[in-house]
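FYI, side chains are in, hydrogens and waters are out, and symmetry mates aren't considered; it's all heavy atoms of this structure.
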Amino acid sequence: MNIKNDIIEEKKKIEQERLVLDKRFSVIAGLRLVTFLAGIVLLFIGLGDAKPLLLVLGLVLLVAFIVLIRFHGVTDEKLQSLKAKTEVLDRYLKRISGEWRHFKNDGSLYLSRNDNLSHDLDLLGKNSLFQLISIAHTEEGRRKLAESLSLKKDHISDVDRRYDAVQELVGKNSFLFDFESYSERILEIKEKELQRKLEISELEEGGKSETAEEAEPEVKDARFKAWMFLPMLLVPVMNLVMIVLVLSGKMPPSYILFTFIGGLVLTWGPKTVLDSIISPVYKYGNVAGDYFRMLSLVAGIEFETELLKKIHDRITSRDGLLAAVRSLGKIGSLNNISFNPLAHMVLAGFFGWDYYIALLASNWSKKNENVFDECIDVVSDIEELGSLAVLPMIRATTKPEIRIDKNTEKGLIMSGVYHPMIDPATVISNDAALSDKLTIITGSNMSGKTTFLRTIAINMVLGYVGCGVCAESFSVPYARIFTSMRVMDDVGGGISTFYAEILRIKEMAEYLAQSPDLPAICMIDEIFKGTNSADRIVGSEEALKKLSGGNAMVIVTTHDFELCDLKTVAGVPADNYHFEEYYEGNELRFDYKIKDGRCSTRNAMAILKMAGLVQN
């Protein structure tokens, strides 16, 4: 794939840039240490011997130390950004090579027990479509993607515009790489910050740890109070006066320590109040720079499709949006100095640093209320569409025909359709034109019946959300998708596998009994496999007749050949298709190709023999 070569070349460039930054990082770290030690020594000598020149030089070096901390932080941020982009590119390579099933971001958080569609089709959770394609790192972006893939949100009225937007993003893979890198940085920064707070909490609470949600800082509506101006000005003034008095010989040098401690008391005494004012900085300040880069990235591109233009306009048309995000990032950078305990102590004790951060944060909050709610919404929209663009980047896809009719008369017509989560090097594609009423698929064990059902259904889901489908052509009606595949019992609730399947089919029947305008597609795998063969055949006949009599298309797989002669309530015979095995010598083989007619072979004994459970 061309994208694979592009990624490899991009990784080489990143590695070269990283080597340069690594050297710079080490040099700044060395200079920072030397500057601090030299500044302390000169400050001590200058105060002890009352030598103003040495004292001033010591102070200059300490200021230089703080500046170097900032440069060191900027370099570290660049290194972390390169690391994030490398991880993004590595994930694309793993998607191509098939190693994506270990990705941590799998959407399990959004998978409920009663979400049958997502369980049956692997839309969410471990080894899922979400896990394969998600580039969302914000909570809102992941939620939107999960809602789309599980069809909890209906996009059919927008499906063509969404498809066009997704395809435009496919052609802008460099944009997606950079965008996800910034989003990845936000996630890493938040996780580190939460971990730091959890560690502090455990120490303070004697081992009691908070959840990540509890540790997330709450943004409070607090304003800088008038009385705060007094200590904010008093701390630096009293320190400056004392230094002048010491240098003039009117006070002993030790008095500077007293004013310094007084400054700490005045600054850290009202810490709770100041922290409430600074809360927007704590929550968004560290990530504001990356939000600014993401929004600037979107604002700097000329999009052609309608949906992406709207997203672009949301950023560029609002006055001051980018400036507001950028200014909070700068405040966050200043506040980051406080994460160095020594530097924070010096700034707080001599200058009342926290008051100045609080004043800046308060002024920002007055002007920019709800800015980050809008930022996150914009970013999450790009993350969702960008995630859908991942599949066409790593798989061969096409635009589906989604027919919005009140019935399923034309059935399902497809060619070259294949499952998106099976390795492209081994996946088998199929052609099919399935009936608009009842289709019975028989076949040997392991021959591909279940995979075929899932292939149809998951590609329908992709088509409904605006993504390309894994097929050469794909024409389907817009319908409510029902599945009965991975049916699970509920021991605690007293529900057996057989009864759980009955409940699934009952749900389909109740939907159809309402004579809905939106037709249904009911896909049932190994119908009533949880009961004996006699009851299974009778029950299956009744259930399938009932379902096929409504505004629905029914596709069922079975080992019961007796069902092949089934007719609908209207007397229309079921269409029959099958999968089968073949032998090479004594070896059992499958071609996984769907064929007309009913199956005429069985292979259970051959498979038991392969497993060593049956002798010749």
| field | Distance flag, aromatic centroids of Phe590 and Phe579, threshold under 6.0 Å | value | no
| message | Heavy-atom count check: over 12 atoms from other residues, nucleotides or ligands less than 6.0 Å from Lys94 NZ? | response | no
| said: Could you walk me through whether Arg403 and Ser475 satisfy the side chain to side chain donor-acceptor pair (under 3.5 Å) test, starting with their C-alpha distance in whole Å, then the side-chain angles of each, then the deciding distance to 0.1 Å, before giving a yes or no? | reply: CA-CA 7 Å; Arg403 306 190 306 271; Ser475 177; 2.7 Å; yes
| Phe303 side chain reached by Phe175 side chain, heavy atoms, under 4.5 Å | yes
| said: For Lys410, is the NZ atom crowded, meaning more than 12 foreign heavy atoms sit under 6.0 Å from it? | reply: no
| side chain to side chain contact (heavy atoms under 4.5 Å, CB included) partners of Lys153, counting only residues at least two apart | Glu147, His155
| query | Quick one: does NZ or CZ of Arg480 land under 6.0 Å from the six-membered ring centre of Tyr511, within 45 degrees of the ring axis? | reply | yes
| task | Check the side chains of Asp106 and Ser128 for a donor-acceptor pair under 3.5 angstrom, ignoring hydrogens and angles. | result | no
| task | Please check if any side-chain donor atom of Asp120 sits under 3.5 Å from a side-chain acceptor atom of Thr483, or the reverse. | result | yes
| Ser415 side chain to Ser473 side chain, donor-acceptor N/O pair below 3.5 angstrom | yes
| Are Ile458 and Met421 side-chain neighbours, meaning at least one heavy-atom pair lies under 4.5 Å? | yes
| query | Side chains of Ser380 and Lys144: donor-acceptor distance under 3.5 Å anywhere? | reply | yes
| query | Pro400 and Tyr163: which non-hydrogen atoms are nearest, and at how many Å? | reply | CD-CE1, 4.5 Å
| Cation-pi check, Arg95 onto Tyr92 ring (under 6.0 Å, within 45° of axis) | yes
